[in-house]
Amino acid sequence: MIVCSCNILSDGDVKACLKPGPGCPRTPAQVYRCLGCSPNCGRCARTIRDIMDKALADAGAAPVAACQRGCCPASLEKVAAEPHL
């Protein structure tokens, strides 16, 4: 299933870059970088986060809490999800 129509990314693409461990992407922004692209409209950020949480849970890893301070890459997820006018 295509989850990002701007970059033509499928759920399989997202899952392929999620390997539990220290190098595993922890935010949708890191997933974009892992896949060699960047968010455009940001509508897929929430779907990518859901795929990440499920894949990590299936692998026995704890889901990553979103940054609440706005100082780390996790805050980019919120910015990416906001519509650009």
Side-chain angles (χ1 to χ4, degrees):
M1 161 180 77
I2 298 294
V3 296
C4 175
S5 56
C6 296
N7 291 297
I8 318 299
L9 300 177
S10 70
D11 57 334
D13 295 328
V14 173
K15 291 174 189 173
C17 73
L18 301 175
K19 294 178 176 51
C24 182
R26 297 294 187 193
T27 66
Q30 291 174 346
V31 169
Y32 289 117
R33 281 189 294 254
C34 176
L35 295 171
C37 58
S38 60
N40 289 329
C41 74
R43 290 185 190 150
C44 56
R46 184 171 289 139
T47 302
I48 290 173
R49 168 60 76 186
D50 291 343
I51 292 168
M52 291 172 63
D53 289 347
K54 181 171 181 348
L56 292 172
D58 290 348
V64 178
C67 176
Q68 299 298 317
R69 296 180 293 165
C71 61
C72 66
S75 63
L76 295 175
E77 177 182 343
K78 180 180 176 188
V79 172
E82 294 174 357
H84 299 284
L85 300 176

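Note: hydrogens, waters and symmetry copies are ignored here, and every other heavy atom, side chains too, is used. Along the sequence shown, the residues carry numbers beginning at 1.
Atom CZ of residue R26 and atom CG of residue L18 lie 9.0 Å apart, to the nearest 0.5 angstrom. Between the CE atom of M52 and the SG atom of C24 there is a distance of 6.5 Å, given to the nearest 0.5 Å. From D13, atom CG reaches atom SG of C4 across 10.0 Å, with rounding to the nearest 0.5 Å. A distance of 10.0 Å separates CD in Q30 from SG in C17, rounded to the nearest 0.5 Å. Remark: S38 OG to Y32 OH distance equals 9.0 Å, nearest 0.5 Å.
Put simply, the side chain of I2 does not reach to within 4.5 Å of the side chain of L9, judged on heavy atoms. Here the side chains of T27 and R49 are in contact, with some heavy-atom distance below 4.5 Å. The closest side-chain heavy-atom distance from V3 to V14 is below 4.5 Å.
Judged as a side-chain hydrogen bond (donor to acceptor under 3.5 Å, both in side chains), and not counting sequence neighbours, T47 has no contacts. Legend: residues meeting side-chain hydrogen bond (donor to acceptor under 3.5 Å, both in side chains) with D11, ordered by chain and number and at least two apart, are absent.
D53 places no side-chain N or O within 3.5 Å of a backbone atom of D50 that could act as its donor or acceptor partner.
Linking Ile, Leu, Val, Met, Phe, Trp and Tyr whenever their side-chain heavy atoms come within less than 4.5 Å leaves I48 and I8 in two separate clusters.
Considering every non-hydrogen atom in both N7 and P39, the closest pair reads ND2-CA, 4.4 Å. For the pair A45 and P28, the tightest heavy-atom approach, listed with the atom from each and the gap, is O-CG, 3.6 Å.
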